[in-house]
Amino acid sequence: MAKVNARPEQKACGTSRIALHDYCGHPFQFELSRELARRGHEVRHFFFAEDMGPKGDTRRLSSDPANFSIEAISIGQPYSKRNLIRRRQADILYGELASRRIASFAPDVTISGNTPLEAQAPILKGVRRAGSAFVFWMQDFYSLAATKILSRKIPVVGHTIGAYYRHLEASLLRRSDGIVLASEDFRPALKDFGVKDDAADVIANWGALDTLPMRPKHNVWAMQHRLSDKFVFLYSGTLALKHNPDLLWALAEHFEKDPKVVIAVAASGVSYDALKARRALEPKSNLLFLPLQPMDVFPDVLGAADVLVALLENDAGPFSVPSKVLSYFCGGRPILLSAPPSNLSVRLVEQAAAGLCVSAGYRQAFVAAADRLRGEPQTCAKLGAAGRAYAENAFNISAVADRFEAMFAKARNNRPS
């Protein structure tokens with residue numbers, strides 16, 4: 001592993017530096033970084049090299065300004081979420097490395113999101129020591145999700161570990177100079193953590209509209225994968241514990257006698273691996289597995305679909321805001337969503353009139369909704385067009401960047417001297 005240089009870089013007089021750290025490297029965070037750089041800020045985008053989830057454009061583009069840079073932070077070893085002990089060790093190692101790398105950039109303000117708490121803690125400490133304000137970007141409540149999962153896996157000890165993470169998350173939030181919430185639904189839980197209401201601003205997630213133009217059904221990617229003449233139910237993105245792969249299996253079973261239907265799963269994660277293992281034991285010829293697709297072909301991936309599938313288990317409740325649904329809006333295809341009614345994604349799909357929503361756990365209703373979309377092409381076209389129209393109206397990166405700039409100014413004023 002290369003030696004980490006902890007010496008801060010020299011900062012030119014009069015310039016501002018923004019460190020945007022998104023552990024996952026998602027597309028819409030990259031869009032924000034590029035927009036902030038176009039406004040004259042010196043921006044460095046940090047992300048975890050070994051994270052296997054969907055990524056934005058992680059390379060410098062010819063259109064990128066000189067004051068925009070990207071740094072992938074590597075722990076020098078594979079990262080797996082299967083073994084909880086090894087995962088925790090890797091998170092701690094990553095946090096130490098990320099803390100030093102971000103601090104060496106000498107930012108005026110650091111915003112960090114999608115980050116495991118044991119990595120977030122050293123990042124906050126390190127950048128604060130370097131003189132940076134710190135903004136906690138809350139995409140979900142890590143400790144609440146961890147408590148549910150661990151209590152299920154290891155009933156007695158899991159609750160104790162969950163209490164530790166709750167204490168840690170509350171401490172990090174109270175020590176932050178600013179908090180960005182992905183949903184207004186997060187406020188009640190934030191209050192339970194002892195965080196003042198005025199410490200947080202809600203800035204809703206968005207889809208990276210500029211990098212997701214609409215593509216025709218018959219495109220190069222679709223033809224390459226023999227999907228251009230099929231009716232495609234597409235699931236794309238992370239397929240993890242909070243996503244029920246049994247619903248994708250149910251689609252494969254239901255449409256098994258329809259030779260024109262394919263259930264395409266372009267994903268990664270533990271539930272993705274479980275679904276592949278299940279198919280190895282019980283073959284399903286209409287179930288197509290693909291790795292996560294790179295951002296430069298992702299518009300064609302969405303274009304190849306006839307229906308875009310999104311899944312969330314009841315455990316997610318209101319505390320998970322799946323970015324894939326927002327990307328799906330950009331694709332201009334109808335959305336088939338299984339999620340708890342309290343989740344923001346359900347309200348968004350219904351508000352946009354962009355798809356059909358089924359409560360999590362209702363397998364028959366989910367299959368029935370899929371059957372309806374298969375048989376009603378005009379309905380599909382109407383729902384897809386409504387989703388794209390919603391994206392074009394709501395996903396204005398300039399307006400989003402305005403709000404983040406205001407938050408950064410507020411955080412710098414709150415920073416301890």
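Any value given below was found using the heavy atoms of this structure, including those in side chains, with hydrogens, waters and symmetry copies removed.
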Q. Is the count of non-hydrogen atoms from other residues, nucleotides or ligands lying under 6.0 Å from Met214 atom CE greater than 12?
A. yes
Q | Main-chain N/O of Arg59 paired to Asp57 side chain as donor or acceptor, under 3.5 Å | A | no
Q: Find the distance between CD1 (Ile179) and CZ (Phe186) and round it off to the nearest 0.5 Å.
A: 12.0 Å
Q: Dump the intermediate steps for salt bridge (charged side-chain N to carboxylate O under 4.0 Å, His left out) on Lys242 and Glu313, then the final yes or no.
A: CA-CA 5 Å; Lys242 63 182 177 182; Glu313 285 283 71; over 6 Å; no
(Q) Just so I know, are the side chains of Leu311 and Phe366 near enough to count as touching, which here means a heavy-atom distance under 4.5 Å? (A) yes
Q) Does a salt bridge link Arg128 with Asp177, judged by any charged N lying under 4.0 Å from a carboxylate O? A) yes
Q.
Any non-hydrogen side-chain atom of Glu50 less than 4.5 Å from a side-chain atom of Ser74?
A. yes
Q) Hey, does Leu181 have a side-chain heavy atom less than 4.5 Å from the side chain of Ile203? A) no
What donor-acceptor contacts under 3.5 angstrom involve side-chain atoms of residues 399-408, with partners at least two apart or in another chain?
unit_1	atom_1	unit_2	atom_2	d
Asp402	OD1	Arg39	NH1	2.6
Asp402	OD1	Arg39	NH2	3.1
Arg403	NH1	Val202	O	3.0
Arg403	NH2	Val202	O	2.8
Glu405	OE1	Arg39	NH1	2.8
Glu405	OE2	His41	NE2	2.7

Q. Does Asn219 use its side chain to pair, donor to acceptor, with the backbone of Pro216 at less than 3.5 Å?
A. yes
Q.
With a 4.5 Å cut-off on side-chain heavy atoms, are Asn244 and Ser338 touching?
A. no
Q: Measure the spacing between CD of Gln89 and CD of Gln77 and express it to the nearest 0.5 Å.
A: 8.5 Å
Q: Applying salt bridge (charged side-chain N to carboxylate O under 4.0 Å, His left out), run through Asp108 and Arg17 and close with a yes or a no.
A: CA-CA 5 Å; Asp108 296 306; Arg17 288 191 178 185; over 6 Å; no
Q) Got a salt bridge between Glu350 and Arg347, using NZ or NE/NH1/NH2 to carboxylate O under 4.0 Å? A) no
Q | Residues Glu256 and Asn286: side-chain donor-acceptor under 3.5 angstrom | A | no
Q: Please name all residues satisfying ring-ring contact (aromatic ring centres under 6.0 Å, His included) with His45, sequence neighbours left out, ordered by chain then number.
A: Phe30
Q. If you draw a 6.0 Å radius around OH in Tyr362, do more than 12 non-hydrogen atoms from other residues or ligands fall strictly inside?
A. no
Which atom pairs, one a donor and one an acceptor, fall under 3.5 Å between side chains of residues 224-232 and the rest of the protein, sequence neighbours left out?
unit_1	atom_1	unit_2	atom_2	d
His225	NE2	Trp221	NE1	3.3
Lys230	NZ	Pro259	O	3.0

Q.
Could you check whether Lys217 pairs with Asp306 (Lys NZ or Arg NE/NH1/NH2 to Asp/Glu carboxylate O, under 4.0 Å)?
A. yes
Q. Is a side-chain donor or acceptor of Ser132 paired with a backbone partner of Thr110 at a separation under 3.5 angstrom?
A. yes
Q | Spatial distance of atom OG (Ser236) from atom CD (Gln293) [nearest 0.5 Å] | A | 7.5 Å
Q: Could you tell me whether the side chain of Leu302 reaches within less than 4.5 Å of the side chain of Asp300, counting heavy atoms only?
A: no
Q: Hey, could you give me the CG/CG distance between Leu248 and Leu275, rounded to the nearest 0.5 Å?
A: 6.0 Å
Q.
So if I apply the ring pair (Phe, Tyr, Trp, His ring centres under 6.0 Å) rule between Trp206 and each of Phe329, Phe395, Phe28, Tyr390, which one comes out positive?
A. Phe28
Q: May I ask you to decide if Pro294's main-chain N or O and Lys55's side chain share a donor-acceptor pair within less than 3.5 Å?
A: no
Q. Rounded to the nearest 0.5 Å, how far apart are CD1 of Ile73 and CZ of Arg100?
A. 10.5 Å
Q) Taking only residues two or more places apart in sequence, or in another chain, which ones meet Asp273 in a side-chain hydrogen bond (donor to acceptor under 3.5 Å, both in side chains)? A) Arg82
Q) Charged N to carboxylate O below 4.0 Å: is that the case for Arg278 and Asp246? A) yes
Q: Check for a donor-acceptor pair, side chain of Asp64 on one end and backbone N or O of Phe68 on the other, with a separation under 3.5 Å.
A: no
Q. When rounded to the nearest 0.5 angstrom, what is the spacing between CH2 in Trp249 and CZ in Arg279?
A. 8.5 Å
Q. Trp137 and Gln29: side-chain donor and acceptor closer than 3.5 Å?
A. no
Q | Tyr94: ring-ring contact (aromatic ring centres under 6.0 Å, His included) partners, not counting sequence neighbours | A | His21, Tyr23, Phe48
Compile the donor-acceptor pairs under 3.5 Å between side chains in residues 351-361 and protein atoms, sequence neighbours left out, one pair per line.
none

**Q.** Asp185 bridged to Arg187 by N-O distance under 4.0 Å
**A.** no
(Q) For the backbone of Val325 and the side chain of Ser327, can you confirm whether one donor and one acceptor N or O come within less than 3.5 Å of each other? (A) no
Q | Side chains of Ser112 and Gln120, donor plus acceptor under 3.5 Å | A | yes
(Q) Closer than 4.0 angstrom, basic N to acidic O: yes or no for Glu169 and Arg174? (A) no
**Q.** Residues Arg34, Asp210: salt bridge by 4.0 Å N-O rule
**A.** no
Q. Is Lys284 salt-bridged to Glu282, going by a charged N under 4.0 Å from an acidic O?
A. yes
Q: Could you walk me through whether Arg363 and Glu253 pass the salt bridge (charged side-chain N to carboxylate O under 4.0 Å, His left out) test, one step at a time?
A: CA-CA 12 Å; Arg363 173 176 167 149; Glu253 282 188 330; 2.7 Å; yes
Q.
Measuring only between side-chain heavy atoms, which start at C-beta, is Glu96 closer than 4.5 Å to Ser99?
A. no
Q. So do Phe47 and Asp51 actually touch side chain to side chain, heavy atoms under 4.5 Å?
A. no
Q: For residues Arg88 and Glu118, determine if any side-chain heavy atom of one lies less than 4.5 Å from a side-chain heavy atom of the other.
A: yes
